[in-house]
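The structure appears below as structure tokens.
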Amino acid sequence: MADIRLEEVSHSYDGGRTWALKPMTWTWRSARAYALLGPSGCGKSTLLNIVSGLLSPTTGRIWLDDREVTAVPTAGRNIAQVFQFPVLYEEMSVYDNLAFPLRNRRYPRAEVDRRVREVSRMLGLDDHLGRRSRRLDPGRQQIVSLGRGLVRPEVAAVLLDEPLTVIDPAMKWTLRSKLKEIHRDTGHTLIYVTHDQTEALTFADEVVVLKDGEIVQAGEPAELFLAPAHEFVGHFIGSPGMNVLPAEIAGGVVRVGGTAVGRAAGDGGELPPGPVRIGVRPEFVRITAGQDAPDAGDPAGPGLAARITGLDRMGSHHLVHARVDGHALVSKTGPGSRYEPGTAAFLRFDPGRAFLFRDEVRCGSLMPLEGRGGT
Amino acid sequence: MTGRGADGISPADAAVAGGQVTGEVLTGDTLAGAAREAPGEHDASRADTRTKDNRAWFLVLPVVVSVAFTAVIPLMTVVNFSVQDIFSPTDRIFVGLDWFRDVARDPEVRAAFLRTLLFSAQVLLLEIPLGVALAVSMPRRGPWASAALVVVALPLLIPWNVVGTIWQIFARGDIGLGGWAVNTIPGVDFNYTLDSTDAWITVLLMDVWHWTPLVALLAYAGLRSIPDPYFQAAQIDGASGWATFRHIQLPRLRGVLTIAILLRFMDSFMIYTEPFVVTGGGPGNATSFLSILLSKIAVGQFDLGPAGAFSLLYFLIVQIVSYVFFTVLTRTGR
């Protein structure tokens with residue numbers, strides 16, 4: 001059990017022309033469950049392989065607590081890794097598979113047996129110990145691969161590289177809850193790489209979003225959902241992703257095509273005037289149909305004028321597609337709502353749930369207008 | 001054999017089989033299925049459609065003809081020879097299985113059979129481990145991978161009789177580099193034209209030199225197909241180099257090694273050109289393998305009857321041993 005600290009770690013596969021991982025300083029804290037989320041090719045696996053020692057970083061240093069392990073080979077790091085597909089010693093029995101890492105490290109027989117039985121009990125493999133590992137179904141095979149990581153005492157962290165890709169959906173849930181259970185029981189640090197947001201959000205204490213070799217945001221699932229720090233996080237997490245609407249700041253007021261939608265509140269002080277992008281999740285876009293517009297006495301005005309272009313019935317909710325000032329927008333509404341494509345409507349954003357982005361990075365949030373904003 | 005395609009089914013039949021299915025491509029299976037679901041009046045039509053599609057057999061005709069000309073007819077000529085005693089094209093006697101009995105009891109043939117078997121066994125024992133070792137030590141990627149491949153594959157590109165000629169000269173004590181070196185450096189008296197052991201070693205080494213690359217290439221291809229995570233997992237599990245080989249690489253070579261063993265067995269059991277060029281079967285009978293003996297009987301003595309019987313027995317042995325190898329190799333470790 002140890003904190004894993006990365007210090008200015010970066011990696012390039014082609015001698016510095018492109019960077020798979022840009023210099024990052026980051027600490028994986030002990031006993032937490034992390035999800036490393038990002039699109040394919042964003043450097044997730046590279047980061048994982050650097051932690052486990054399969055790759056040595058081009059620059060930077062890695063620490064396990066106070067011990068520097070940058071130059072320590074994989075076998076000396078006490079890190080377990082589970083791969084995308086089950087990696088087994090196919091001609092060995094399940095028992096021998098589990099015992100293999102211990103036997104390689106010359107543990108005494110009795111100790112091997114004790115630990116193998118302990119892990120097999122934990123993973124529910126007791127009935128399969130004597131079977132040849134390749135005859136198991138893929139789900140069980142993946143559990144055995146995981147077990148090979150857990151069997152070693154003093155494992156600093158278990159790294160999982162998209163471990164559920166080849167598992168069929170029904171089995172996925174079982175395995176994922178098994179993983180959570182193991183995390184609870186053993187208290188190992190887990191780093192779970194995935195490109196599936198549901199998997200990441202349901203699994204982790206903390207989600208780390210990676211894009212183009214950089215960590216763009218890390219936080220609890222709710223934080224990523226409610227307060228994305230980067231446009232990418234908004235797009236990648238949530239289904240459908242965050243709406244983005246070009247706007248303009250002038251005199252502290254944010255306008256979309258001439259309509260004031262709110263006050264700009266900068267994260268770090270006053271925002272300079274100029275173009276900005278509003279990001280708001282479909283969940284927080286409210287629609288009022290054109291004919292029942294709120295009365296003119298409302299200080300915020302009727303909202304953004306929009307035209308409804310389509311409606312997707314998703315069962316539990318509707319997705320209303322609209323166009324504002326030539327830009328598409330989606331709103332999530334209750335399953336009973338009725339909006340006719342082609343009609344006019346007004347949109348409003350829930351207070352505190354719409355954010356302002358510049359260069360894809362969040363720079364502030366959209367606050368409600370006080371009093372009547374300039375028409 | 002049931003027919004394929006709807007053209008063998010008359011519209012009336014299809015109508016009987018159920019209006020709904022008309023227009024579908026009816027295979028025998030779906031028809032049978034339809035009949036199973038709705039027994040009774042459909043049974044007659046089902047039997048009817050099944051007999052009508054035998055024309056499809058004509059589609060197999062080209063294969064039958066080509067196989068006949070390339071395999072069956074030549075083989076039958078040999079069968080024809082093997083059961084007759086031929087004095088001249090017009091003067092021949094049917095002798096039944098006499099030639100087979102003679103050949104099987106001939107001590108010279110038996111000795112050659114055991115010799116060939118021993119040779120094949122030694123070839124397999126040397127070439128398979130050597131080939132695998134070569135493949136494992138070849139670089140997996142990078143510029144040296146291609147260079148290693150080319151160097152290893154080189155002996156495979158040399159024609160058999162040229163290989164024979166190369167070794168015939170190379171192993172000579174007077175002018176050959178190999179033979180001369182053995183004679184001078186360790187001072188061992190080596191002369192493959194006089195000593196039967198030396199001749200045997202020369203032929204064996206020649207085969208190992210010529211064909212180990214094939215095993216190496218097959219094994220290399222097999223090794224290359226192992227995904228990286230297997231090696232990474234082995235690193236994480238702290239496996240030694242030997243353990244990685246034993247538990248990851250070797251199990252995954254089963255398929256290619258089956259092929260390698262079969263190919264090397266068949267080839268070495270039928271080896272002819274190289275020993276014929278190097279030793280001509282000698283000294284004495286030391287390197288007179290089945291194929292060399294056979295050609296002596298067939299071409300040298302022109303005993304077509306015994307040669308025919310011999311050929312068929314030879315063919316049968318290769319078939320049986322290959323079958324046994326294949327069965328054993330594919331069934332074990334399931």
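As the structure is a computational prediction, the values presented were derived from the model and not from experiment.
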Would you say [atom1] of [X] has more than 12 non-hydrogen atoms from neighbouring residues, nucleotides or ligands within 6.0 angstrom?
X: A:D66; atom1: CG; answer: no
X: A:Y13; atom1: OH; answer: yes
X: B:R140; atom1: CZ; answer: yes
X: A:W26; atom1: CH2; answer: yes

Looking only at non-hydrogen atoms, find the nearest pair between [X] and [Y] and report the distance.
X: A:P86; Y: B:Y230; answer: O-OH, 3.7 Å
X: A:Q81; Y: B:I236; answer: CB-CD1, 3.2 Å
X: B:P229; Y: A:V87; answer: CB-CG2, 3.9 Å
X: A:A75; Y: B:G238; answer: CB-CA, 4.0 Å

Working to the nearest 0.5 angstrom, can you tell me the gap between B:Q232 CD and A:T74 OG1?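 One gets 8.5 Å once the value is rounded to the nearest 0.5 Å.
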Report the distance from atom CZ of B:R246 to atom CD of A:E91, rounding to the nearest 0.5 Å.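 If I round to the nearest 0.5 Å, the distance is 5.5 Å.
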Please identify each residue that fulfils salt bridge (charged side-chain N to carboxylate O under 4.0 Å, His left out) with A:K22, with sequence neighbours left out.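 Here the qualifying residues are A:E214.
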Select all residues of residues 145-152 of chain A having any heavy atom within less than 4.5 Å of some heavy atom of chain B, and report them by number, or 'none'.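 At a heavy-atom separation under 4.5 Å, chain B is reached by A:R148, A:R152.
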When the ring planes of B:H247 and A:Y89 are compared, do they come out parallel, tilted or perpendicular, using 30° and 60° as the limits?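 Because their plane-to-plane angle is over 60°, the rings of B:H247 and A:Y89 count as perpendicular.
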With a 4.5 angstrom heavy-atom cut-off, which part of B:P251 approaches chain A: side chain, backbone, both or neither?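 Looking at B:P251, just its side chain touches chain A.
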Does the distance from a Lys or Arg side-chain N to an Asp or Glu carboxylate O, for A:E90 and B:R254, drop under 4.0 Å?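 So A:E90 does not pair with B:R254 through a salt bridge.
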Side chain / backbone / both / neither for A:L102 at chain B, heavy atoms under 4.5 Å: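 Interface part for A:L102: neither.
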Does the side chain of B:P227 reach to within under 4.5 Å of the side chain of A:F85, using non-hydrogen atoms?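 Heavy-atom side-chain distance check passes, below 4.5 Å.
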